[in-house]
Amino acid sequence: MPRLSEVIAALENLWPAERAESWDAVGTVVGDPDQEVTRVLFAVDPVQEIVDEAVRLGADLLVTHHPLYLRGTTTVAASHFKGRVVHTLIKNDIALHVAHTNADTADPGVSDALAGALDVRVVRPLVPDPTDPNGRRGLGRVCELDHPLTLRELAARAAERLPATAQGIRVAGDPDTVVRTLAVSGGSGDSLFDQVRAAGADAFLTADLRHHPASEAVARSPLALLDAAHWATEWPWCEQAAGQLDEISDRHGWDLRVHVSTTVTDPWTAHAASSVTTK
């Protein structure tokens, strides 16, 4: 069985920490480098529900997309909900490793997995990484559909193929608009409207779209918007990442058992539709 240090080295090769944003908190949070690893669980959020799942599974390593302590802390006391996570991990000899913005811009990265879930073809990064001579790394992806869909049909596809959440898919724009080119960005994406317009996309699928940026975006151009739950746009990465680690395990003869959590950790738990709809 490989040691944690060996598995972490493989993960760091996929998602180097130096490619994370300066404000981010990635890497190994908890774990003994010398401990053996036999079972790995991938998830979006390092919350208690996921940690408890890792305990039940007998996992030695939990890999999450979101950081546990993004802004730092002065305590890991179990009286605090994040401290309880740390205590549970250590008591059960479970390591925690985070790949966040370094996974967003990777090749393949979070938005490649999102595009794959939607069955659209990636053409190029939306915001290319200038340090990548091959032009494949970067934030978001510009994609082409195999055949044009109306915005209504594209929203229905997204609702069907992304993990189900209380939010579903919100849409801004004429439902009969024809979409041929789609920009996608897993997670919060309303800082990317300028790049989406410059890419000539007909529609943009992302998460966490706020009122004013979305209102201004649709007023400036015919760009259509699809707003999915943050968790739902990033969960496909877990399957992609698990597949990458499986391939590494096979190549090295590690015989790791790699799992993906299907537990929905999106914070929104219910949705009440308005009784009056338009169009």
Is there side-chain contact between Gln244 and Pro108, with heavy atoms separated by less than 4.5 Å? yes
Less than 4.5 Å apart, any side-chain heavy atom of Leu41 and any of Arg56? no
(request) Answer yes when Arg39 and Asp60 have at least one side-chain N-carboxylate O distance shorter than 4.0 Å, and no when they do not. (result) no
Within-4.5 Å side-chain heavy-atom neighbours: Phe42 and Ser261: no
Open item on the list: Quick check: is Leu14 connected to Val37 through a chain of hydrophobic side chains (ILVMFWY, heavy atoms under 4.5 Å apart)?
Closed with: yes
May I ask you to say whether Glu247 pairs ionically with Arg251, meaning some side-chain N is under 4.0 Å from a carboxylate O? yes
Original post:
Does the side chain of Leu151 come within less than 4.5 Å of Leu226's, by heavy atoms?
Top reply: yes
Only one of Val142, Asp202, Leu118 passes side-chain contact (heavy atoms from CB on, under 4.5 Å) with Leu182, and that residue is Leu118
Is any side-chain N of the basic residue among Asp107 and Arg137 closer than 4.0 Å to the acidic one's carboxylate O? no
Check: Leu62 and Val51 side chains under 4.5 Å, non-hydrogen atoms | yes
**Message:** If only side-chain N and O atoms count, and only distance matters, is there a donor-acceptor pair under 3.5 Å linking Glu234 with His66?
**Reply:** yes
Tell me whether Val55 shares a hydrophobic cluster with Val76, the cluster being built from Ile, Leu, Val, Met, Phe, Trp, Tyr side chains joined at under 4.5 Å. yes
| query | Quick one: does Leu70's side chain get under 4.5 Å of Asp24's, heavy atoms only? | reply | yes
If we count only N and O atoms by modelled type, under 3.5 Å, do the side chains of Thr263 and Glu53 hold a donor and an acceptor together? yes
- Query: Between Arg152 and Asp174, does at least one N-O distance fall below 4.0 Å, as a salt bridge requires?
  - Reply: no
Check your understanding: Parallel under 30°, tilted from 30 to 60°, perpendicular over 60°: which one fits the rings of His65 and Trp237?
Key -> tilted
Pair Val123, Cys143 - check side chain to side chain contact (heavy atoms under 4.5 Å, CB included), show working. CA-CA 5 Å; Val123 177; Cys143 309; 5.6 Å; no
query: So, Thr233 side chain and Gly186 main chain: donor-acceptor pair closer than 3.5 Å or not?
result: no
Practice task
Give me the ring orientation class for Trp235 and Trp231: parallel if the planes are under 30° apart, tilted from 30 to 60°, perpendicular past 60°.
Solution key: tilted
>> Starting from Leu256, can I reach Ile8 by hopping between I/L/V/M/F/W/Y residues whose side chains sit under 4.5 Å apart?
In response: yes
Quiz prompt | Arg197 atom CZ: more than 12 heavy-atom contacts under 6.0 Å | solution = yes
The single option from Leu89, Ile94, Leu68 that satisfies side-chain contact (heavy atoms from CB on, under 4.5 Å) with Val30 is Leu89
Hey, mind stepping through Arg210 and Asp190 against salt bridge (Lys or Arg N to Asp or Glu O under 4.0 Å) and telling me if it holds? CA-CA 7 Å; Arg210 296 169 294 164; Asp190 63 15; 2.8 Å; yes
Next on the checklist: Does this structure show an ion pair linking Arg121 with Asp146, if we count only N-O contacts that are shorter than 4.0 Å?
Outcome noted: no
Report yes if the side chains of Leu11 and Leu61 come closer than 4.5 Å at any heavy-atom pair, otherwise no.
yes
Original post:
Just checking, is any N or O donor in the side chain of Gln48 or Thr88 under 3.5 Å from an acceptor N or O on the other one?
Top reply: yes
Q.
Quick check: is Leu126 connected to Val110 through a chain of hydrophobic side chains (ILVMFWY, heavy atoms under 4.5 Å apart)?
A. no
